[in-house]
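This report refers to the structure that appears directly beneath it.
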Amino acid sequence: MIQCFHLWDQFDSLDKHTQWGIDFLERYAKFVKERIEIEQNYAKQLRNLVKKYCPKRSSKDEEPRFTSCIAFFNILNELNDYAGQREVVAEEMAHRVYGELMRYAHDLKTERKMHLQEGRKAQQYLDMCWKQMDNSKKKFERECREAEKAQQSYERLDNDTNATKADVEKAKQQLNLRTHMADENKNEYAAQLQNFNGEQHKHFYVVIPQIYKQLQEMDERRTIKLSECYRGFADSERKVIPIISKCLEGMILAAKSVDERRDSQMVVDSFKSGFEPPGDFPFEDYSQHIYRTISDGTISASKQESGKMDAKTTVGKAKGKLWLFGKKPKGPALEDFSHLPPEQRRKKLQQRIDELNRELQKESDQKEALNKMKDVYEKNPQMGDPGSLQPKLAETMNNIDRLRMEIHKNEAWLSEVEGKTGGRGDRRHSSDINHLVTQGRESPEGSYTDDANQEVRGPPQQHGHHNEFDDEFEDDDPLPAIGHCKAIYPFDGHNEGTLAMKEGEVLYIIEEDKGDGWTRARRQNGEEGYVPTSYIDVTLEKNSKGLSIPALF
């Protein structure tokens, strides 16, 4: 322990020092409070950032599938956990550091006030002792002067021959009285002086050192408390470092989970249509007409007549199929996903079958549970009425039958799609008529627009509906032309409902592209069908009916 009596005359300095110590303690507490606010605001801003960039998933289709997206959302989750750890740091600092500092500062002020009051009381008591000693000293001094005056007066009267004996006796008595009083005041002064010296020694060597010792201990405890708070300030953050490290490791693992090959495969799986790409366009020899003989002309005439008949037949046949691209009959809308390309349709049907199988499993489990409960009720009637479970059993059975029918229906559609896909692949290798696709432009069968949700697909195949709708469309009046188009690329139109065209050929436009990538056109001979919009240069003319193809040239 430091010898505090060396500061016997520095009471005011210690008063200022202890006040400075408390002020410094409160200043550090203010620093911790502002750090807590920074941590809280930081955590709040991080949570707002995470909330801003987290996906708002309204349906399962919008859930991220790509590994890069999943990794980013995992990083957001880890960042959200990181924000939570910043909140933990703020709470720990508020409880362990700031709250403790404020409580200790209050106790410290009370203790300091008590010690300083004791020091002031001791100083006041010493001052009182000094005043008593000083008063006795002054009184003794005064009595000594009076005694000296009385002695001088007695000596003067005693030497005076004219003074009476009574005056001399009176002066002698006065001298004795003053001398006695001086002696008494001397004794009082000596006692007060001895008492003051004792109190002063006690004050400077016992009382004040004891008070200073208490102030010293108080100041040292304040310093120790600051040291503890410094450590607590660091420990509050050090405790969460392992968790923060796990959050950062989670971010690194999320980054490592990104698989570019898998994402690329997802893009292929998401957008592939299942249609076969077009083959080479055949060579058409127009030079045979130059060396046509008379007999050849006859044969050619018959060929032309035959060609006209085939064209007419094609027109009639095509008209019977146009409902697939124009007005569709009323009924269940796209329940079998027939509006999608084969591959996408297959995926959708498979997803639906999986969901129905899960629902069927749940209903089967519920049925089994109800049957067990019914058996228990039958064996122990006091537990319940078995008949009360019958409505629920009937409902479950109906749900099971319904789900089985749905599964069977979707499996039939799936088998149809898979059969078509396989058949199309076989026909692709045996087909001799294929059309040319310019580099950088996809085939109208299975091509896609820039919008991933909008598909440009080939005309779907018709199954078992020809007799039902042929008559309806064959009786319709031909649609008026609303413009014309010029073929930029050749198109063979081998699918039903399409119209073949040659490069540079001019056709009537009778129906605009509805967004599926196909435009309905008509030749001058009346043959109609759909052609790829990306293969033609369209010119629409308002209020134009009966346009003449020669006028277009």
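Since the model is a prediction, treat every value here as computed from it, not as a measurement. We're numbering straight along the sequence, starting at 1.
The two residues Ile407 and Asn357 come nearest to each other via the heavy atoms CD1-OD1, 3.1 Å. What you find for Tyr508 and Gln524 is that their closest heavy atoms are CE1-CA, 4.1 Å. Leu349 and Leu414 get closest at one heavy-atom pair: CD1-N, 3.7 Å. Of all heavy-atom pairs between Glu505 and Ala500, the closest is OE1-O, 4.4 Å. Val97 and Gly232 make their closest contact through CG2-C, 3.8 Å (heavy atoms, listed as atom of the first residue, atom of the second, distance). For Met383 against Tyr377, the heavy-atom pair with the smallest separation is O-CE2, 3.7 Å.
Taking CD of Glu34 as the reference point, atom CD1 of Ile38 lies at 7.0 Å (rounded to 0.5 Å). Interatomic distance, Cys54 SG to Leu49 CG, rounded to the nearest 0.5 Å: 9.5 Å. Between Phe233 atom CZ and Ile36 atom CD1 the span is 8.5 Å, to the nearest 0.5 Å. From Asp401, atom CG reaches atom CD of Glu363 across 11.0 Å, with rounding to the nearest 0.5 Å. Interatomic distance, CG of Asp385 versus CD of Gln390, reported as 10.5 Å (0.5 Å rounding). The CZ atom of Arg522 lies 4.5 Å from the CD1 atom of Ile510; values are rounded to the nearest 0.5 Å.
In this structure, Tyr82 contributes its side chain and Leu248 its backbone to no donor-acceptor pair below 3.5 Å. A donor-acceptor pair under 3.5 Å links the side-chain atoms of Asp263 to the main chain of Thr67, judged by distance alone. For the pair Ser227 (side chain) and Thr223 (backbone), a donor-acceptor distance under 3.5 Å is absent. The closest donor-acceptor contact from the side chain of Asp259 to the backbone of Arg261 lies under 3.5 Å. The backbone N or O of Ile70 sits less than 3.5 Å from a side-chain atom of Asn74, completing a donor-acceptor pair. Between the Thr396 side chain and the Lys367 main chain, no donor and acceptor come within less than 3.5 Å of each other. Side-chain atoms of Lys374 do not come within 3.5 Å of backbone N or O of Leu393 as any donor-acceptor pair.
Arg221 CZ: more than 12 foreign heavy atoms inside a 6.0 Å radius. Within a 6.0 Å radius of NZ in Lys33, other residues, nucleotides and ligands contribute 12 heavy atoms or fewer. Arg402 CZ: more than 12 foreign heavy atoms inside a 6.0 Å radius. Atom NZ of Lys409 has more than 12 heavy atoms from other residues, nucleotides or ligands within 6.0 Å. For Met266, the CE atom sits in a packed shell: over 12 heavy atoms of surrounding residues, nucleotides or ligands are nearer than 6.0 Å. By the 6.0 Å contact criterion, OH on Tyr53 is open, its count of non-hydrogen atoms from other residues, nucleotides or ligands being 12 or less.
Considering only heavy atoms from C-beta on, Arg47 comes within 4.5 Å of Glu87 through its side chain. Here the side chains of Thr519 and Cys485 are not in contact, with every heavy-atom distance at 4.5 Å or above. The closest side-chain heavy-atom distance from Glu512 to Thr533 is not below 4.5 Å. Residues Glu335 and Arg352 meet the side-chain proximity criterion, which asks for heavy atoms closer than 4.5 Å. Tyr230 places a side-chain heavy atom less than 4.5 Å from the side chain of Tyr28. The side-chain heavy atoms of Leu499 and Glu528, taken from C-beta on, include no pair separated by under 4.5 Å. Between Tyr104 and Leu101 there is no side-chain heavy-atom pair separated by less than 4.5 Å. Using a 4.5 Å heavy-atom threshold, the side chains of Arg35 and Tyr98 count as separate.
Salt-bridge formation is detected for the pair Glu100/Arg103: a Lys NZ or Arg NE/NH1/NH2 atom is positioned less than 4.0 Å from an Asp or Glu carboxylate oxygen. Salt-bridge formation is detected for the pair Asp235/Arg238: a Lys NZ or Arg NE/NH1/NH2 atom is positioned less than 4.0 Å from an Asp or Glu carboxylate oxygen. The existence of a salt bridge linking Glu228 and Lys225 is confirmed by a sub-4.0 Å separation between a basic side-chain nitrogen and an acidic carboxylate oxygen.
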### Message
Walk me through whether Leu507 and Arg523 qualify under side-chain contact (heavy atoms from CB on, under 4.5 Å).
### Response
CA-CA 5 Å; Leu507 306 171; Arg523 282 200 178 92; 3.6 Å; yes
### Query
Does the side-chain contact (heavy atoms from CB on, under 4.5 Å) test come out yes or no for Gln366 and Glu395, once each step is laid out?
CA-CA 11 Å; Gln366 185 174 0; Glu395 181 183 354; over 6 Å; no
### Message
Assess the residue pair Asp81 and Gln85 against the criterion (side-chain hydrogen bond (donor to acceptor under 3.5 Å, both in side chains)); give the C-alpha distance rounded to whole Å, side-chain angles, the decisive distance to 0.1 Å, and a yes or no.
### Response
CA-CA 6 Å; Asp81 294 340; Gln85 296 308 309; over 6 Å; no
### Query
After noting the C-alpha distance and the side-chain angles of Ile536 and Met501, does the key distance pass the side-chain contact (heavy atoms from CB on, under 4.5 Å) rule?
CA-CA 10 Å; Ile536 58 176; Met501 62 181 181; 3.5 Å; yes
### Message
Applying side-chain contact (heavy atoms from CB on, under 4.5 Å) to Lys51 and Asn80, what does each step give before you reach the verdict?
### Response
CA-CA 9 Å; Lys51 184 178 180 181; Asn80 193 56; over 6 Å; no
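Side-chain N/O atoms of Asn41 and Glu37 include no donor and acceptor closer than 3.5 Å.
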